[in-house]
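Each remark here refers to the structure printed beneath this line.
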Amino acid sequence: MKALAPDFYDRPVVEVARELIGCVVEHGGAAGVIVETEAYHESEPACHAFVGLTPRTRTLLGPPGRAYVYRSYGIHAMLNAVCEQEGVGAAVLIRALEPTSGLALMRARRGATGGSPRAGLSAGARSGRPGARGSLSDHELCSGPGKLTQALGISLAENGGDLASGPVRIAPRPPGWLEPAIVASTRVGITKAVELRWRFSVAGNRDVSRPWPRSAGVRP
DNA sequence: CATGGGATTGACT
DNA sequence: GTCAATCCCATGC
């Protein structure tokens, strides 16, 4: 699989966020097409790099084309692609994938421990719902930033890795994804700079993490 | 050194 | 809709 070169990421982060839609993320024997992204830039307060260089933002301020992986809510790993020139804190958060290969592996990882502590044990069995565990649908595997890292087996150990050489790799849009229908909307789960429409997703795709707000103008 | 807050998810009321 | 889990790290004494 041919990966995107570092210079792909060396341009305005919002542009890269849009261009990454349709590209393929691969790790741990599984892969999926990116269907949702968000851009973050040091010039706005929702970005971790807003505060400048700290141990946490070292990768974020480093050279483009690297993976920035951090832990969220003490539980989930978040995968970002570092963008813009070295010294500028900017990254694209990969928020959702449409699974394309290694689905059995994804399902195994998602069903196993590693996500929410409660996921797995008590879940489905007790609620009586058939199959809350062990039989996740394809659309439940990678439809969220924490879900996709779990499905691909991406952990904090991958922080700083080169996205061209791996272990986490990103490849260009495959045939059939050359011109995705992209919708822009506001970012999810943040409390600052909420007005920026820096979230991009594939219109109508079933693997996105959350429905589109009315303002996005997507027809169901 | 102590504290507080998340770029979330899944279970439960 | 509400809520807890859980840990890294930025911030403030």
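As the structure is a computational prediction, the values presented were derived from the model and not from experiment. By convention in this document, chain letters (A, B, ...) are assigned in the order of the sequence lines, proteins followed by strands, and residues within each chain are numbered from 1.
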For [X] and [N], give me the distance from atom [atom1] to atom [atom2], rounded to whole Å.
X	N	atom1	atom2	result
A:R210	B:dA7	CZ	P	13 Å
A:E36	B:dT8	CD	C1'	13 Å
A:H41	B:dA7	NE2	P	18 Å
A:Q150	C:dT6	CD	P	14 Å
A:E140	B:dT8	CD	C1'	16 Å
A:Y70	B:dG5	OH	C1'	13 Å
A:W198	B:dA7	CH2	P	15 Å

For residues 86-96 of chain A, which side-chain donor-acceptor pairs fall under 3.5 Å, sequence neighbours excluded?
from, atom 1, to, atom 2, distance (Å)
A:R95, NE, A:E36, OE2, 2.9
A:R95, NH2, A:S209, OG, 3.0

Give me the other members of the hydrophobic cluster that [X] sits in, counting Ile, Leu, Val, Met, Phe, Trp and Tyr linked by side-chain heavy atoms under 4.5 Å, directly or via other members.
X	value
A:F50	none
A:L178	none
A:L61	A:L53

Q: If a pair satisfies salt bridge (Lys or Arg N to Asp or Glu O under 4.0 Å) and one of its residues is in residues 18-29 of chain A, list it, with sequence neighbours excluded.
A: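 Every salt bridge (Lys or Arg N to Asp or Glu O under 4.0 Å) pair that includes a residue of residues 18-29 of chain A, provided the two are not neighbours, is A:E26-A:R169.
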For nucleotides 7-13 of chain C, 5' to 3', base contacts (B), sugar-phosphate-only contacts (S) and non-contacts (-) with protein non-hydrogen atoms under 4.0 Å give B-SSS--
Partners meeting side-chain hydrogen bond (donor to acceptor under 3.5 Å, both in side chains) with [X] (sequence neighbours left out):
X	value
A:R11	A:E15
A:S43	A:H41
A:D207	A:H139

Side chain of A:M78 (C-beta onward), nearest among B:dG10, B:dT8, B:dA7: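 It is B:dT8.
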Cationic N near anionic O, under 4.0 Å, A:R107 to A:D138: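 A:D138 and A:R107: salt-bridged.
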Any residue of residues 80-104 of chain A with a heavy atom less than 4.0 Å from an atom of DNA chain C:
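When residues 80-104 of chain A is checked for heavy atoms under 4.0 Å from DNA chain C, there are no hits whatsoever.
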- Message: Looking at A:T57 and A:G52, would you say the former's side chain and the latter's main chain have a donor-acceptor pair under 3.5 Å?
- Response: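 Judged by distance alone, yes, a pair lies under 3.5 Å.
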**Asked** Where are the stems of DNA chain B, defined as at least 3 consecutive Watson-Crick or wobble G-U pairs with both distances under 3.5 Å?
**Response**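 Stem list for DNA chain B: B:1-6 with C:7-12, B:8-12 with C:1-5.
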Original post:
5'-most contact on DNA chain B: A:K192 or A:K147, nearest heavy atom basis?
Top reply: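 Its nearest nucleotide being more 5', the pick is A:K192.
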Practice problem: With sequence neighbours excluded, tell me which residues meet ring-ring contact (aromatic ring centres under 6.0 Å, His included) with A:F8. | Solution: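 Residues passing ring-ring contact (aromatic ring centres under 6.0 Å, His included) with A:F8: none at all.
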